[in-house]
J.: 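Below are the structure tokens for one structure; questions will follow.
Nothing here was measured: the structure is a model prediction, and the numbers come from that model.
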Amino acid sequence: MDVVATPVPGAFVFTPQAITDERGAFFEALRCDQVEAATGQPFRPEQINYSVSRRNTLRGIHSVAVPPGQAKYVTCVRGALRDIVVDLRVGSPAFGAYQVTHLDAASGRSVYVPEGAGHGFLALTDDACICYVVSTRYVPGTQIDINPLDPDLALPWGFTEPPLMSEKDAAAPGTGEALAAGLLAPWRDAGRAGSTHGRH
């Protein structure tokens, strides 16, 4: 498994090494010990979620209040998507920094999203399916939603036509409003921070 740090402290990109032959391919999609070695944090899945999206669907930016907090290991298992992780932790030295990763079923590439960071994606194909392996079970009322088109974040979604969005995401507050309302999680140094070579 190839592990690369990102400009978002505690967020990593994992790319498996596939074994291929005339039958097809095999690869390890998730190794909790490797996630823990990279992040310096325990990661034990409590729930697995899937969402399926039409092309040009924009979902996010989503996070979970701390507590309970929720780390995510995100993989595209069908189709392709543009995945973005953004640092929303109050007091983080990288607040507002983001990581853009192309996820597709063929590569098996995954992104680890640390607690308190925001996550979203743009579906690049019809019938795109994303899998979330998460560290805590769903707790009603703990979801944090940030408008993915917030000009303060200026995230590079790359769509060429207005994206499909839920009413909830379209009406979500911007970063400044969420900060003023005390919705965002505090920064807690996870030990092994991401790289500081700028945004991707």
J.: Could you go through residues 152-160 and list every donor-acceptor pair under 3.5 Å that involves a side-chain atom there, pairing it with any protein atom two or more places apart or in another chain?
T.:
| from | atom 1 | to | atom 2 | distance (Å) |
| --- | --- | --- | --- | --- |
| Trp157 | NE1 | Pro148 | O | 2.8 |

J.: Does any pair with a residue in residues 65-94 pass ring-ring contact (aromatic ring centres under 6.0 Å, His included), and if so which ones, sequence neighbours excluded?
T.: Phe14-Tyr73
J.: Please tell me whether Leu30 and Tyr50 are part of a single hydrophobic cluster in this structure, the criterion being side-chain heavy atoms less than 4.5 Å apart.
T.: yes
J.: Kindly indicate whether the side chain of Arg89, heavy atoms from C-beta on, has any atom under 4.5 Å from the side chain of Pro186.
T.: no
J.: For the atom pair CZ (Arg54) and CG (Leu164), what is the distance rounded to the nearest 0.5 Å?
T.: 5.0 Å
J.: Is any side-chain heavy atom of Val13 less than 4.5 Å from a side-chain heavy atom of Gln99?
T.: yes
J.: Look only at the side chain of Thr39 and the backbone of Val35, and say whether a donor-acceptor pair between them is shorter than 3.5 Å.
T.: yes
J.: Quick one: which residue pairs count as a salt bridge (charged side-chain N to carboxylate O under 4.0 Å, His left out) with a foot in residues 105-114, not counting sequence neighbours?
T.: none
J.: To the nearest 0.5 Å, what is the distance between OG on Ser166 and CZ on Arg59?
T.: 8.0 Å
J.: Is Leu184 linked to Ile84 within one hydrophobic cluster, defined over Ile, Leu, Val, Met, Phe, Trp and Tyr using a side-chain heavy-atom separation of less than 4.5 Å?
T.: yes
J.: Which residue pairs pass the salt bridge (charged side-chain N to carboxylate O under 4.0 Å, His left out) test with at least one member in residues 123-149, sequence neighbours excluded?
T.: Glu46-Arg137, Arg78-Asp127, Asp145-Lys168
J.: Answer yes when Arg44 and Glu36 have at least one side-chain N-carboxylate O distance shorter than 4.0 Å, and no when they do not.
T.: yes
J.: Applying side-chain contact (heavy atoms from CB on, under 4.5 Å) to Ile48 and Cys131, what does each step give before you reach the verdict?
T.: CA-CA 7 Å; Ile48 298 176; Cys131 172; 3.7 Å; yes
J.: Heavy atoms, side chains only, cut-off 4.5 Å: are Phe95 and Val86 in contact?
T.: no
J.: Calculate, to the nearest 0.5 Å, the distance between atoms CZ and SG belonging to Arg82 and Cys76 respectively.
T.: 12.5 Å
J.: Hey, does Thr6 have a side-chain heavy atom less than 4.5 Å from the side chain of Val85?
T.: no
J.: Looking at every heavy atom in both Phe12 and Ala5, which two are closest together, and how far apart are they?
T.: CD2-CA, 3.6 Å
J.: Please name the pair of heavy atoms, one in Pro9 and one in Ser92, separated by the smallest distance, quoted to 0.1 Å.
T.: CG-OG, 4.4 Å
J.: What are the two closest non-hydrogen atoms of Val8 and Ala97, and how far apart are they?
T.: CG2-O, 3.5 Å
J.: According to a 4.5 Å side-chain heavy-atom criterion applied to Ile, Leu, Val, Met, Phe, Trp and Tyr, with indirect links allowed, do Val139 and Tyr132 form part of one hydrophobic cluster?
T.: no
J.: So, do Glu28 and Pro16 sit near enough that their side-chain heavy atoms are less than 4.5 Å apart?
T.: no
J.: Before giving the answer on side-chain contact (heavy atoms from CB on, under 4.5 Å), spell out for Leu58 and Leu149 the whole-Å C-alpha distance, their side-chain angles and the decisive distance to 0.1 Å.
T.: CA-CA 10 Å; Leu58 179 57; Leu149 304 181; 3.9 Å; yes
J.: Using side-chain contact (heavy atoms from CB on, under 4.5 Å), reason through Asn147 and Ile61 one step at a time and then give a plain yes or no.
T.: CA-CA 6 Å; Asn147 193 308; Ile61 296 292; over 6 Å; no
J.: Do any side-chain atoms of residues 110-124 form donor-acceptor pairs under 3.5 angstrom with protein atoms, and if so which ones, sequence neighbours left out?
T.:
| from | atom 1 | to | atom 2 | distance (Å) |
| --- | --- | --- | --- | --- |
| Ser110 | OG | Thr75 | OG1 | 2.6 |
| Glu115 | OE1 | Arg188 | NH2 | 3.0 |
| His119 | NE2 | Asp83 | OD2 | 2.4 |

J.: Calculate, to the nearest 0.5 Å, the distance between atoms CG and CD1 belonging to Leu179 and Ile146 respectively.
T.: 8.0 Å
J.: Determine the minimum heavy-atom distance between Thr136 and Gly69, stating which atoms define it.
T.: OG1-O, 2.8 Å
J.: Looking at Cys32 and Pro45, what are the two nearest heavy atoms and their distance?
T.: SG-CD, 3.8 Å
J.: Measuring from Ser107:OG to His102:NE2, what's the distance to the nearest 0.5 Å?
T.: 7.0 Å
J.: Between the side chain of Thr101 and the main-chain N/O of Leu103, is any donor-acceptor distance below 3.5 Å?
T.: no
J.: Can you find a heavy atom in the side chain of Gln17 that is under 4.5 Å from one in the side chain of Phe27?
T.: no
J.: In Å and rounded to the nearest 0.5 Å, what is the CD to CD1 distance from Gln70 to Ile144?
T.: 11.0 Å
J.: Which pair of heavy atoms, one from Ala80 and one from Asp104, lies closest together, and at what distance?
T.: CB-CB, 4.0 Å
J.: Taking the side chain as everything from C-beta on, heavy atoms only, tell me whether Asn49 gets closer than 4.5 Å to Tyr138.
T.: no
J.: For Thr175, what residues pass the side chain to side chain donor-acceptor pair (under 3.5 Å) criterion, not counting sequence neighbours?
T.: Asp150
